[in-house]
Structure formats: C-alpha cells, structure tokens
Amino acid sequence: MDLKFKTMKKLFILPVIIGMLVTGVYAADKVKKDDDKNGNVSYAVINQFKSDFRDATNVNWTVTPNSQRAEFIVNGVKKSAFYNLDGTYLGTTQKVAYNTISLKAQKEIADKYIGYTVSEVIELQTGESVDHFVDLKSAEGEVLVRVAPTSAVYFFQKVK
C-alpha cells in the first residue's frame, strides 16, 4: 500500500476515533445492544465485527453521524472497535497502564507537562500502527497527548 495513502488514511481515522473518545456519547447518538434487532448499526458492520471479534461478549453499539462503535469484552479486556458508515474497520482502542508506553516517552511527558498527572492511557491500534493517547490533568486544565510508535510525544488537543 502506498505510504502517502496510509498517512492520509491515518489523518482521517485519528480525529474520528479520538473525537468519540474525548466527547463521549451524546444523547442523540443511538446505542444498541447486540441482541437488539431495532438498532441503527449497519448489517455490513455487524457482520464485519462478528468476523473480526468472534469471541466478543457484552457488545454495545453507538452510532454517530461519522462512525459506528462497538464496545465489548474479549479475553477479559474491555475494548472499542470503530467502523465507518460503510463498514470499513478503522481501529480498536483499549485502556492500558501508563508503563505500557516507553520510558523515553514517559520522561518527555514528565519534562514537558510539569504539574500534570496521568489520568488514563488509551491504546489505538489501526492496522499495523499502535499509538497511545495520554490524558493529563492539572489544576489549569486537561490535555491529551499522542505517543507515536517511535516514542515521540505530540500535543494532541486541549480537553477542558
């Protein structure tokens, strides 16, 4: 696959997934249990999900204007899988421990974000790439930083 295409795809996917993580589920979004036959999750997405995650349990769906998200448990781990409206798999997220990211990235975060504490770390897996998003809180506010697979740390967005 062309490197430019992969980069463009990643630039599109990240905001969609992170937007859903940061803003949460709005009242207008439609949530559906896996056994609810009246939900608005597309047939293609449900079939793709069942193929991708055969052992998933406790599946709950959220449909937004841009994507469809399944929250579920697999092998004892709570995860979320994201699909676009056409059923294309975008990526998977899960909470992980802070020590999952490299010591180099931890040091850079400690140096750049003095006075902030780590709230949570979300691992985002899209195809071959794994990024981490670290939610940092302080008395001044809350920020989200991205830790790239190379351990580079980037400011991603202000949360509050």
Side-chain angles (χ1 to χ4, degrees), residues 1-106 109 118-136 144-154 156-157 159:
M1 189 181 292
D2 180 51
L3 182 59
K4 185 176 178 181
F5 177 73
K6 282 184 179 179
T7 303
M8 294 296 291
K9 183 178 175 186
K10 193 170 188 177
L11 288 174
F12 171 75
I13 292 170
L14 284 175
V16 169
I17 294 175
I18 297 305
M20 287 186 76
L21 289 174
V22 172
T23 59
V25 178
Y26 292 106
D29 295 339
K30 295 177 175 60
V31 177
K32 164 190 183 311
K33 291 272 192 195
D34 193 34
D35 59 354
D36 176 0
K37 304 302 180 201
N38 299 319
N40 291 318
V41 181
S42 77
Y43 180 76
V45 169
I46 289 175
N47 283 335
Q48 186 61 49
F49 175 80
K50 286 181 178 180
S51 173
D52 293 342
F53 302 98
R54 286 184 176 88
D55 297 330
T57 60
N58 298 339
V59 181
N60 289 300
W61 288 95
T62 303
V63 179
T64 70
N66 298 320
S67 65
Q68 299 172 84
R69 174 181 67 189
E71 292 180 338
F72 59 99
I73 297 173
V74 66
N75 298 326
V77 178
K78 185 176 180 181
K79 295 185 176 196
S80 295
F82 296 84
Y83 296 85
N84 70 13
L85 298 178
D86 296 329
T88 303
Y89 171 76
L90 300 174
T92 305
T93 61
Q94 69 183 49
K95 289 182 183 181
V96 295
Y98 185 59
N99 64 5
T100 301
I101 65 173
S102 71
L103 290 175
K104 177 183 174 188
Q106 290 179 39
I109 289 170
V118 175
S119 174
E120 67 181 4
V121 180
I122 302 292
E123 182 177 270
L124 168 64
Q125 186 167 10
T126 57
E128 314 85 42
S129 178
V130 176
D131 289 272
H132 292 90
F133 291 86
V134 182
D135 184 39
L136 301 169
L144 195 62
V145 297
R146 180 175 73 94
V147 179
T150 61
S151 294
V153 176
Y154 303 97
F156 188 74
Q157 75 182 42
V159 178

- prompt: Which of parallel (below 30°), tilted (30 to 60°) and perpendicular (above 60°) describes F72 and F53?
  reply: tilted
message: Using the rule side chain to side chain contact (heavy atoms under 4.5 Å, CB included), only one of V41, I46, N47 pairs with Y43; which is it?
response: N47
task: Could you check if a side-chain atom of R146 sits within less than 4.5 angstrom of a side-chain atom of L144, using non-hydrogen atoms only?
output: no
query: Does Q68 use its side chain to pair, donor to acceptor, with the backbone of S42 at less than 3.5 Å?
result: yes
message: Is it true that Y83 and D52 share a donor-acceptor pair across their side chains at a distance under 3.5 Å?
response: yes
message: Working to the nearest 0.5 angstrom, can you tell me the gap between L90 CG and L124 CG?
response: 9.5 Å
query: Can you check whether T88's main-chain N or O pairs, donor with acceptor, with D86's side chain at less than 3.5 Å?
result: no
message: For S80, run the side chain to side chain contact (heavy atoms under 4.5 Å, CB included) check against T93, T92, N60, T62 and tell me which one passes.
response: T93
message: Test your reading of the model: is there a side-chain donor-acceptor pair from Q106 to the backbone of I101, 3.5 Å cut-off?
response: yes
query: How many angstroms lie between CD1 in I73 and NZ in K79, if you round to the nearest 0.5 Å?
result: 12.0 Å
- request: For residues V153 and V134, determine if any side-chain heavy atom of one lies less than 4.5 Å from a side-chain heavy atom of the other.
  value: no
field: Audit row: T100, V121, side-chain contact (heavy atoms from CB on, under 4.5 Å) steps and yes/no
entry: CA-CA 9 Å; T100 301; V121 180; 5.7 Å; no
query: Just wondering, do D131 and F156 contact through their side chains at under 4.5 Å, heavy atoms?
result: no
